[in-house]
Amino acid sequence: MLPRRQTPASEAPGPAQGCCLTEPAALVTELLAWYRRCGRDLPWRRTRDPYRIWLSEIMLQQTGVQAVQDYYRRFLERFPNLAALAAASLDEVLALWAGLGYYSRARNLHAAACQLVAEQQGCFPMEVEQLMQLPGIGRSTAGAIRSIAFDRPGPILDGNVRRVLCRLLALQLPPRSPAAERQLWHWAERLTPTAAAHDYAQAIMDLGALICRPRQPDCDRCPLAGHCHGRRLGLQQQLPLRSRRPAVPLRLEVALLIETPHGIAVRQRPLRGLLGGLWEFPCLQLAQEADAAAAEIGLLQQLQQQLGLRDLAQPLGQVRHVYSHFRLQLYAYRILLGGTADLPADWRWLTPEQLSAWPLHGSHAKILPLLSAAPGRALSLAKEALCPCPMSPC
DNA sequence: AAATCGGGGCA
DNA sequence: TGCCCAGATTT
């Protein structure tokens with residue numbers, strides 16, 4: 001066993017690596033005092049139920065507090081506890097997640113619930129390492145659950161903490177670089193107190209959300225202003241360092257609304273990958289950037305040929321949608337059929353009314369208003385012509 | 001280490 | 001428009 005070496009002077013943090021926090025205990029005390037005066041009252045703070053804490057943490061991954069609240073309420077209404085979630089079908093879970101984004105979260109949530117019921121008698125583990133064994137729970141979320149649900153110290157490094165620490169330390173490194181990551185986790189652990197872990201976790205995140213905001217940090221009201229090297233150096237507006245993101249490519253797609261007396265055809269996407277498990281109209285996309293006008297007709301013809309539909313398709317309009325790593329331009333068409341078409345058996349035929357409550361993904365949901373605005377059959381679909389059991393083929 | 005994975009809010 | 005959000009997983 002080698003003797004534990006001390007950090008040589010050459011590895012001591014230089015200016016780019018950030019400054020040290022010399023009084024972490026005092027810093028935490030002042031932060032906690034501020035939190036008890038100014039902390040937010042949020043739905044998931046009115047419980048210590050690990051199930052509810054867990055659900056909130058997963059929903060809040062890369063998703064704002066505002067967007068989460070309604071989903072959180074609806075989800076708990078339907079699945080009030082772990083057993084209810086584990087007993088549900090993935091389809092039902094996805095339906096409650098539709099519109100929230102990052103659908104692997106819903107799949108992992110359901111899988112983790114089943115795993116806990118099957119292997120842990122439905123009890124959440126308290127240790128970070130065991131929490132991280134569950135799908136969808138990484139290092140930061142594990143720390144958050146341990147802190148908030150169990151009031152035991154669990155370090156967190158989410159977007160809020162990352163920003164707060166970059167400024168406190170005056171860390172002049174790309175915040176996602178390995179060097180920065182090491183520093184940030186080091187201080188995240190160092191600052192997490194043994195006592196008051198629950199309050200500290202909420203406090204550091206509230207500080208990031210209310211005071212140490214992405215833009216216009218409110219240093220005048222910051223309880224940690226006296227500890228902040230970023231502010232001392234006048235760098236609080238510049239930190240954390242921003243990295244230029246490459247321009248996202250444009251993707252072209254054509255969707256076809258096939259209308260029969262039974263309704264409009266939709267299909268489910270594969271469970272893995274983009275928008276996994278959500279539903280959509282039959283569509284075809286160009287893999288790469290291309291000339292929009294020329295590609296539109298080509299894609300439509302290709303799609304109709306694949307489906308064996310030779311009737312004339314009418315344009316419904318176009319939709320734009322932005323994803324994290326590409327933009328989508330979507331051309332919507334409709335085809336009116338008198339009878340049924342010979343299409344895959346796992347497709348379903350839904351009325352416009354049913355579609356509005358169906359887990360369509362975002363870009364295709366944007367087509368529905370175009371349909372309402374267009375003249376023709378869809379909205380005047382005769383009720384008596386409808387299949388009494390639209391979920392199954394008639 | 002880099003790419004993948006959504007959608008909404010904001011200046 | 002570009003950036004941000006209570007990040008994790010896959011390659």
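Order of the sequence lines sets the chain letters (A, B, ...), proteins ahead of strands, with each chain counted from 1.
Using a 3.5 Å distance cut-off with no hydrogens or angles, the side chains of A:Gln268 and A:Asp91 do pair a donor with an acceptor. Neither side chain, A:Gln115 nor A:His110, offers a donor N or O lying under 3.5 Å from an acceptor on the other. Side chains of A:Tyr333 and A:Glu296: a donor on one and an acceptor on the other come within 3.5 Å. Side-chain contact check for A:Gln202 and A:Arg45: at least one donor-acceptor pair (N or O, by modelled atom type) lies under 3.5 Å.
If you take atom P in C:dA6 and the same atom in B:dC10, they sit 13 Å apart, rounded to whole Å. Distance check on atom C1': B:dG6 versus C:dC3 gives 15 Å, rounded to whole Å.
The shortest side-chain heavy-atom distance between A:Arg78 and A:Leu85 does not fall under the 4.5 Å cut-off. Side-chain contact check for A:Ile148 versus A:Glu57: some heavy-atom pair is nearer than 4.5 Å.
Rounded to the nearest 0.5 Å, atoms OG1 (A:Thr141) and CD1 (A:Ile53) are 12.5 Å apart. Here CG of A:Leu328 is found 8.5 Å from NZ of A:Lys366. Values are rounded to the nearest 0.5 Å. Taking CD1 from A:Ile264 and CD1 from A:Ile335, the interatomic distance works out to 12.5 Å, rounded to the nearest 0.5 Å.
Cation-pi geometry between A:Arg105 and A:Tyr102 is not met at under 6.0 angstrom from the ring centre and within 45 degrees of the axis.
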Every protein N/O within reach of nucleotides 9-11 of chain B N/O, cut-off under 3.5 Å:
none

Identify each atom pair where a protein N or O and an N or O of nucleotides 9-11 of chain C are less than 3.5 Å apart, giving names and distance.
residue	atom	partner	partner atom	Å
C:dT9	OP1	A:Gly136	N	2.5

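A:Leu100 comes within 4.0 angstrom of a nucleotide base, judged by non-hydrogen atoms across all strands. As judged by a 4.0 angstrom heavy-atom cut-off over every strand, A:Gly99 is placed among residues touching the sugar-phosphate backbone only. Across all strands shown, A:Ser324 has heavy atoms under 4.0 Å from base atoms, whether or not it also approaches the sugar-phosphate. Residue A:Val65 is in base contact, counting any heavy-atom pair closer than 4.0 Å across all strands shown. Using a 4.0 Å heavy-atom distance criterion, A:Tyr102 is classed as a base contact. Note on A:Glu181: nothing from the nucleic acid sits closer than 4.0 angstrom, heavy atoms only.
Taking atom CG on A:Asp199 and atom P on C:dA6, their separation rounds to 19 Å, with Å as the unit. Rounded to an integer number of Å, the gap from A:Tyr71 OH to B:dG6 P is 13 Å. The nearest whole Å value for the distance from the CZ atom in A:Arg176 to the P atom in B:dA1 is 14 Å. Rounded to whole angstrom, the span from the CG atom of A:Leu109 across to the P atom of C:dA8 amounts to 14 Å.
Each of A:Ser243 and A:Leu60 was matched to the nucleotide of DNA chain C holding its nearest heavy atom; the match closer to the 5' end belongs to A:Ser243. Residue order along DNA chain B, read from the 5' end via each residue's closest nucleotide, puts A:Pro178 first among A:Pro178 and A:Leu274.
Ring to ring, A:Tyr323 and A:His321 are close: their centroids are under 6.0 angstrom apart. Remark: aromatic rings of A:Phe75 and A:Phe79 are close, center separation under 6.0 Å.
Judged by distance alone, with hydrogens and angles left aside, A:Thr63 brings a side-chain donor or acceptor within reach of the base of B:dG6, the pair sitting under 3.5 Å.
Residues of residues 39-52 of chain A having a heavy atom closer than 4.0 Å to DNA chain C, listed by number: A:Arg40, A:Leu42, A:Trp44, A:Arg45.
Phosphate contact (OP1/OP2 of B:dT4, side-chain N/O of A:Tyr323, threshold under 4.0 Å): absent.
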